[in-house]
Asks: 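I'd like to ask you about the structure that follows.
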Amino acid sequence: MRNRTQSSFVDQARNRISWQTLRQPKVLVGLGVGILLILSTLVAFQVDATQYAIVSQFGSPVRAIKEPGLYVKLPDPLQNLIRLDKRVQVHNVTQTEFLTKDKKNVLVEAYATWQIDDPVQFFKSVRDAQGASSRLSDILTSELGVALSQYELTNLVTTDQSQMKLDEMLAGLTKQTDERTRSYGFKVADVRLKQLNFPESNRQSVFQRMRAERQQIARQLRSEGTEEATKIRAEADAEKITLLSKAQEESNKIKGEGEAQAIRIYAQAFGKDPAFYQFLRTLESYDKVINQGTTLILPSDSELLKYLNP
């Protein structure tokens, strides 16, 4: 019994000492700092100079951060942080066979430098660098084929500077590729050729393959054009219905106001001189009822004919 009493007394003393220790200012400050540090790791984040950051909420981007610094967001999973590399990226195009304007088969290996321009649009359209590379590969391959088909081989490989048009072709290729990638949130700074060789394959087989590729691209473009045309027509029809509805409503409003004003004028005229008003209304009836070739059979005492009788 004595041992139990001593043990209880010791426990109470320890609890009293622990509580007094916690109430000391230094301990309270330390606890507060620790809690703040824990909270800061949940809501605060840093963006460096080589990154873009996108704050997404339930999978949808709500804020894009383009400048480096320290920022805050709601803790996970309410808001998530997506980091994108803002530095210039290099995309290599594998060796592909094309035809020049003078029907020469060439093997071309090229590369393009690109950079994210609109992080939100980039994330919505291609998600990440891998998606951008895949889309850029398709676009660059297509535009490279179009560009090479506009120049002869002697304009690309020659010792005569007056015939050399390689820089002109690359400038146009860069511009066209950049215009097509802008809608995906990234821009193309430069396109260059790494290698240009003659292929060993048969020219006719290459031409047939390229024609099949162009037909596939044409079908895709036609399908996209048809879809866009249908969308535009639907929007135009909806706008037409809206405009006609508004016009009809405005017409009815104006017509109602005119009829109301006419009724007021007729009422005022009738109030001033009922006999003259009746005379005018009878003449208006003549104008509407009687015309050339009209035959009326009415009794002699009809109100309609009282102004016509001698």
Side-chain angles (χ1 to χ4, degrees), residues 32-96 98 107-148 166-196 224:
V33 171
I35 294 173
L36 288 177
L37 288 175
I38 294 173
L39 291 177
S40 65
T41 58
L42 296 176
V43 300
F45 62 95
Q46 183 179 2
V47 179
D48 61 40
T50 64
Q51 293 177 331
Y52 289 129
I54 297 176
V55 177
S56 66
Q57 185 169 332
F58 305 115
S60 300
V62 295
R63 181 162 54 111
I65 301 172
K66 298 183 177 181
E67 298 298 330
L70 186 64
Y71 300 89
V72 295
K73 67 176 184 63
L74 296 178
D76 294 332
L78 297 178
Q79 287 187 342
N80 297 320
L81 184 64
I82 302 166
R83 298 181 185 272
L84 300 173
D85 196 339
K86 67 188 296 186
R87 294 172 293 184
V88 176
Q89 308 289 322
V90 178
H91 173 74
N92 292 298
V93 179
T94 57
Q95 194 175 71
T96 310
F98 298 99
L107 284 174
V108 176
E109 188 176 353
Y111 72 91
T113 57
W114 63 275
Q115 188 177 21
I116 297 176
D117 182 53
D118 186 342
V120 174
Q121 182 64 24
F122 179 87
F123 177 75
K124 288 181 178 179
S125 57
V126 297
R127 306 294 292 185
D128 52 21
Q130 184 177 358
S133 295
S134 177
R135 193 61 54 88
L136 180 58
S137 181
D138 296 337
I139 294 174
L140 187 55
T141 301
S142 173
E143 292 298 332
L144 189 58
V146 174
L148 287 171
L166 180 60
D167 291 338
E168 176 183 322
M169 186 200 76
L170 292 176
L173 176 61
T174 301
K175 180 181 178 181
Q176 290 298 116
T177 306
D178 179 63
E179 289 178 354
R180 291 184 61 180
T181 58
R182 290 282 181 166
S183 60
Y184 300 110
F186 64 97
K187 59 184 179 181
V188 174
D190 197 15
V191 178
R192 294 291 172 180
L193 299 184
K194 297 174 64 176
Q195 193 176 41
L196 193 151
E224 293 176 354

Asks: Using 0.5 Å steps for rounding, measure from the OG1 atom of Thr96 to the CG atom of Leu148.
Replies: 10.5 Å
Asks: Mind checking the CG-CG spacing from Leu166 to Leu196? Nearest 0.5 Å is all I need.
Replies: 8.0 Å
Asks: Any donor and acceptor pair, going by atom type alone, linking the side chain of Thr141 with main-chain N or O of Ser137 inside 3.5 Å?
Replies: yes
Asks: At their closest point, which heavy atom of Ala132 faces which heavy atom of Val126, and how far apart are they?
Replies: N-CB, 3.7 Å
Asks: Over 60° means perpendicular and under 30° means parallel, so tell me whether Phe122 and Phe186 are parallel, tilted or perpendicular.
Replies: perpendicular
Asks: For Asp178, enumerate each residue passing the side-chain contact (heavy atoms from CB on, under 4.5 Å) test, keeping only those at least two apart in sequence or located in another chain.
Replies: Thr181, Arg182, Lys187, Val188
Asks: Just wondering, are more than 12 heavy atoms of other shown residues or ligands nearer than 6.0 Å to CD in Glu224?
Replies: yes
Asks: Using the salt bridge (Lys or Arg N to Asp or Glu O under 4.0 Å) rule, collect all pairs that involve residues 122-131, keeping only residues at least two apart or in two chains.
Replies: none
Asks: Closest heavy-atom contact between Ala110 and Leu193?
Replies: CB-CD2, 3.9 Å
Asks: Atom OG in Ser142, atom CZ in Arg180: separation rounded to 0.5 Å?
Replies: 5.0 Å
Asks: Quick check: closest heavy atoms across Val191 and Ala112, and the distance to 0.1 Å?
Replies: CG2-CB, 4.0 Å
Asks: Taking side-chain hydrogen bond (donor to acceptor under 3.5 Å, both in side chains) as the test, write out the residues that go with Gln115, two or more places apart.
Replies: none
Asks: Under the side chain to side chain donor-acceptor pair (under 3.5 Å) definition, can you give me all pairs with a residue in residues 86-95, not counting sequence neighbours?
Replies: Asp85-Arg87, Asp85-Gln89, Asn92-Lys194, Gln95-Gln195
Asks: Looking only at non-hydrogen atoms, find the nearest pair between Gln121 and Ser183 and report the distance.
Replies: NE2-O, 3.0 Å
Asks: Sequence neighbours excluded, which residues qualify as side-chain contact (heavy atoms from CB on, under 4.5 Å) partners of Gln46?
Replies: Leu70
Asks: Can you measure from CD1 (Ile139) to OG1 (Thr177) and round to the nearest 0.5 angstrom?
Replies: 7.5 Å
Asks: Hey, could you give me the OG1/CD distance between Thr174 and Glu143, rounded to the nearest 0.5 Å?
Replies: 10.5 Å
Asks: Can you give the donor-acceptor pairs under 3.5 Å from side chains of residues 52-65 to other protein atoms, not counting sequence neighbours?
Replies:
residue: Gln57; atom: OE1; partner: Gln79; partner atom: NE2; Å: 3.2
residue: Arg63; atom: NH2; partner: Val72; partner atom: O; Å: 2.8

Asks: Just verifying a value: how many Å separate Glu109 CD and Leu144 CG, rounded to the nearest 0.5 Å?
Replies: 11.5 Å
